[in-house]
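Whatever order the structure lists them in is the order used to number ligands and atoms, beginning at 1.
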Amino acid sequence: MKKKLNNIAKNTNFFLSNLLRSQKKTDLIRPMTYGLLPGGKKIRSKLIMDVGKIFNVEYKKLIHICAAVECIHAYSLIHDDLPCMDNDNLRRGKLSTHKKFGESTAILAGNSLLTIAFEILSNENFNLIEKNKIKIINLISKTSGHSGIAGGQYSDLNFEYKKVSKKKIIEMQIKKTGKLFSFCCMAPIIISNKIKHLQTFDKIGSDIGLLFQIADDLIDYKGNSKKAGKKTKKDIVKGKATLIGLLGYKNTIEYSEKIKKNVLLKINKFGKKSNDLKETVKFILNRTK
Ligand code: GRG
């Protein structure tokens, strides 16, 4: 798994550095590059490749999706670290972008990474039939905005120091993290025109996102800051609404094992070609960074 993930990370980074190199040399390119590269596990890219394998989608198409997703993800991290959001000084083992370049620059570099994602997907080199291209751009737009990542982040901040139900925490985490994972699972299906599987993979993606977020909360709860490349043990101090906070450590682990089992069962139906995806799901829950 580690080897496959490193390989995908290398290929995605290669695509992204070429893309940045081909851009006009503006003053924002340096902070954008800093927030985007290198670093980052590229787990979302791995998911895209894994689902692409199940539905026989060619690499040349998938890598554009990976690059666009990693730009949006990097943007969300840059903004997430800002003082008005989660106020973190450390990200991917180095100073967060606003600490290195200042707040206004970090905001603008983040915004520019968001728009570059759409530049990638609307580029003619991303060679898809127009109908599918529009479907993908439409889906990633919904994923990123008020009913997805941005909306989830709003709830996350809004729930601080409040008593929040399990249902509401799960809803928040699915928006903040799960929607982008769903997009990663759905985009290869749109490309391959196997639309009847879309709903199943929407749910598989949001469940994987939930597992990913639970693992993130576990890392915060008992993880090592040096290993994680970011500050840990912040959630309690910040009064964050998390499943561990609500259910306790043991129950959260039990809950996540149940979700994992269900997801693996669903994926199993796709036979041998789904082995990489199954591996990724297991990795996501057991990760330490
Ligand atoms: C992106 C549209 C958009 C809006 C910005 C700030 C914000 C609104 C959203 C924050 C969302 C956020 C940061 C969710 C947390 C997801 C998460 C656990 C990130 C860590 O992901 P990893 O571990 O990071 O994959 P690496 O560094 O490995 O890439």
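Nearest non-hydrogen protein atom to atom 15 (C) of ligand 1 is K176 CE, 3.9 Å. For atom 24 (O) of ligand 1, the nearest non-hydrogen atom of the protein is H73 NE2, 3.4 Å. Protein heavy atom nearest atom 2 (C) of ligand 1, with residue, atom name and distance: S144 O, 2.9 Å. With hydrogens left out, the protein atom closest to atom 28 (O) of ligand 1 is K41 NZ, 2.7 Å, a heavy atom. Protein heavy atom in closest approach to atom 16 (C) of ligand 1: T177 OG1, 3.9 Å. F212 CE2, 4.0 Å is the protein heavy atom nearest to atom 17 (C) of ligand 1.
Checking only distances, Y75 never comes within under 3.5 Å of ligand 1, N or O to N or O. For a threshold of 3.5 Å applied to N or O pairs, the pair formed by Q213 and ligand 1 contains no separation below that value. The shortest N or O to N or O distance between R91 and ligand 1 is not under 3.5 Å. In terms of N/O distances under 3.5 Å, ligand 1 is approached by R92.
With contacts defined as side-chain heavy-atom distances shorter than 4.5 Å, the pair I169/V164 qualifies. With a 4.5 Å cut-off on side-chain heavy atoms, K4 and D50 do not count as touching. Residues F183 and I136 are in side-chain contact: their nearest non-hydrogen atoms beyond the backbone lie under 4.5 Å apart.
For NZ of K10, the number of neighbouring non-hydrogen atoms (other residues, nucleotides, ligands) closer than 6.0 Å is 12 at most. K168 NZ: 12 or fewer foreign heavy atoms inside a 6.0 Å radius.
Atoms of ligand 1 lying under 4.0 Å from any heavy atom of I149, numbered from 1 in the order shown and given with element: 1 (C), 3 (C), 9 (C), 11 (C). Counting the atoms of ligand 1 from 1 in the order shown, those under 4.0 Å from a heavy atom of D216 are 18 (C). Every atom of ligand 1 with a heavy atom of L77 under 4.0 Å away is listed here by number and element: 13 (C), 19 (C). Short contacts between ligand 1 and H79, defined as distances under 4.0 Å to a heavy atom of the residue, involve ligand atoms 6 (C). Close approach to G40 involves these atoms of ligand 1, each under 4.0 Å from a residue heavy atom: 26 (P), 27 (O), 28 (O), 29 (O).
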Under 3.5 Å, side-chain donor or acceptor atoms of residues 58-74 against the rest of the protein: list the pairs with distances, not counting sequence neighbours.
| unit_1 | atom_1 | unit_2 | atom_2 | d |
| --- | --- | --- | --- | --- |
| E58 | OE2 | K61 | NZ | 2.8 |
| H64 | ND1 | K60 | O | 2.9 |
| E70 | OE2 | S45 | N | 3.4 |
| E70 | OE2 | S45 | OG | 2.8 |
| H73 | NE2 | R44 | NH1 | 3.2 |

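Between Y249 and Y221, the ring-plane angle classifies as parallel under the 30° and 60° cut-offs.
For K194 and F201, the positive end is not near the middle of the six-membered ring at less than 6.0 Å and at most 45° from its axis.
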Stepwise, does the side chain to side chain contact (heavy atoms under 4.5 Å, CB included) test hold for E279 with N275?
CA-CA 6 Å; E279 219 176 59; N275 283 350; over 6 Å; no
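The residue among R44, K42, H146, Q153 with a heavy atom at the shortest distance from atom 21 (O) of ligand 1 is R44.
A donor-acceptor contact under 3.5 angstrom links the side chains of N56 and K273, judged on distance only.
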